[in-house]
Amino acid sequence: MEADDDEYVRPQVSISYLQDLLISEYKLKIINYAELNGHEDRNYHIFCEETESTEHKSDFSQDQCESVCTRNSCSAIQTDVCSKYEYVVKVVDLVHSENFSSRSERIQMQMKVQDHLLDCGFVCPKVVPSSSGSVVQRFVTSEENVHYLTYMTKYIHGSTLFDIAPLSTETLYEVGSLLAQLHCSLKDAVIPSLELKSASVWALENAFKIKDFVSKAELDAGEQSLVSAVLDHFAQNVLAQMTELPHGVIHGDFHDENILILGRRENNRITENLVSNSDQVVHIRSKYTVIDFADISYSPLVFDLAISASYFMMSHAQPDFIEIVGHFLCGYFMVRRPTPKEVRSLFASICAAFCREVVLAKHSYLEQSRSNSYLITAVDAGLRQLKEIWRIGQGDVMTVWSGIWERYGLTLENWCEEIVI
């Protein structure tokens, strides 16, 4: 999902337009492709070959190999006939042509974040500049005069955590550690924080905007009342003290479809990039990669943790969803210890993150004429879990998590004596 405009139209771009763009701007010709999942933008995994000529138009047929797929089940892609050039092209609808400058600047900030993480030893998508050296391209369709923004990154082989679910407690612990390492590394990034403030309704600091969409998400009266109560609680107990929470650059969309276990897929199995280095930090950074930094922002760090925790609970969708995420949180806390206010804010922030997904994803699904089923993959589970976690209450939920953390040698008393559960 993109992070700026609330008014958003999903791109309707044909592959022939994309082909013309790659020929003219990158001197590359698409020989095979598949569409990857996406909320509101379009993402294409493409195989290319070099072309010396930019004069000719594409003779590429959309029927040649079209498919809609997950990252690792692209039935249209035959790796034995494809070249070494593999990329991901992201297409964003500008809605209004004057948005190009602001969106382009934001993407430049996104690339700076990814470059910083690469320098810190993380595996991240590497941007591919055009033949003229530009990172972001403006693409205007000739027939409809629609403005798109596109950019390209190198494709990283791996399997999403979504594809290997259910996740083990060890994997959840490691992924929690990965998020904490990302936060700690970005603390030293030279990126203007004001330029990463987000106006998006998806940003938790703007959760009050979610109420404007509740009536459009086909929720019943009881569900609408629940969402309203959760958001009011979040505003009073977290947003009112938000300036007191530690801030930093956050990913904003750290979930099981944006995290890969590195390795190539062979015979429907992933061969991991194993490492012999016993250092846990190096091991985790060599084992996983994070993609899709479109929602980065300068925000409270606990918001990233809450968004991620809610996603992992929704994707688990089992009776022990509360317990399972305790291992993810513990992995994070073993690397970066929370402040007392962050711990107190965690429950309300997770509940608000549930509301964010349930309401906004459902609304986007309806706005897209129910055509993008990816949007509602976890909505039903999320609504059930929100009702359950809200019924159980903060005290009992924190007690469950504290019991899990103690197994790893962590107790709340070790961190912050003034916390009262």
Taking the six-membered ring for Trp, are Tyr298 and His247 parallel (under 30°), tilted (30 to 60°) or perpendicular (over 60°)? tilted

Next item on the list: Name the orientation class of the two ring planes belonging to Phe234 and Phe303 (parallel below 30°, tilted from 30 to 60°, perpendicular beyond 60°).
Entry: tilted

d(Ile322 CD1, Glu388 CD) to nearest 0.5 Å is 6.0 Å

Angle class for the Phe254/Phe312 ring planes (parallel below 30°, perpendicular above 60°, tilted otherwise)?
perpendicular

**Min side-chain heavy-atom separation Trp401-Val397 under 4.5 Å** = yes

Here the pair of heavy atoms bringing Ile210 nearest to Arg356 is CD1-CA, 3.6 Å

- Is a side-chain donor or acceptor of Asn206 paired with a backbone partner of Ser200 at a separation under 3.5 angstrom? yes

For a 4.5 angstrom cut-off between non-hydrogen side-chain atoms, does Asp115 reach Lys126? yes

Task: Check: Lys341 main-chain N/O paired with Glu244 side-chain donor or acceptor under 3.5 Å - done: no

dist Ile389:CD1 -> Phe354:CZ (nearest 0.5 Å) comes out at 5.5 Å

ask   = Are the side chain of Ser308 and the backbone of Asp304 linked by a donor-acceptor contact shorter than 3.5 Å?
value = yes

Shortest non-hydrogen pair, Leu149 vs Ile107, comes out as CD2-CD1, 3.0 Å

dist Tyr33:OH -> His45:NE2 (nearest 0.5 Å) comes out at 13.0 Å

Item to check | Whether Ser402 side chain and Met398 backbone form a donor-acceptor pair below 3.5 Å | outcome: yes

**Q.** Heavy-atom side-chain contact between Asp292 and Glu257 under 4.5 Å
**A.** no

Indicate whether the side chain of Ser349 and that of Ser345 have a donor and an acceptor atom separated by less than 3.5 Å.
no

Legend entry - Side chain to side chain, Pro125 and Ile156, heavy atoms closer than 4.5 Å: yes

* To do: Would you please indicate if the ring centroids of Tyr173 and Tyr408 are separated by under 6.0 Å?
  => yes

- Message: I'd like to know if the side chain of Gln114 reaches the main chain of Cys124, judged simply by a donor and an acceptor atom lying under 3.5 Å from each other, with no hydrogens or angles considered.
- Response: no

query: Side chain of Glu174, backbone of Ile284: donor and acceptor closer than 3.5 Å?
result: no

Side-chain donor-acceptor pair under 3.5 Å between Ser177 and Gln181, yes or no? yes

- Item | Sidechain N-carboxylate O distance under 4.0 Å for Lys362, Glu223 | no

Aromatic plane relationship, His255 with Tyr311 - under 30° parallel, 30 to 60° tilted, over 60° perpendicular | tilted

Next item on the list: Verify, without hydrogens or angle tests, whether Thr289 (side chain) and Val123 (backbone) share a donor-acceptor contact under 3.5 angstrom.
Entry: yes

Are the side chain of Gln137 and the backbone N or O of Thr150 linked by a donor-acceptor pair below 3.5 Å? no

**Main-chain N/O of Ile30 paired with Gln19 side-chain donor or acceptor, under 3.5 Å** = yes

All heavy atoms of Leu204 vs all of Ala306, minimum pair found to be CD1-CB, 4.4 Å

Worksheet entry | Asn258 side chain to Asp253 backbone, donor-acceptor under 3.5 Å | yes

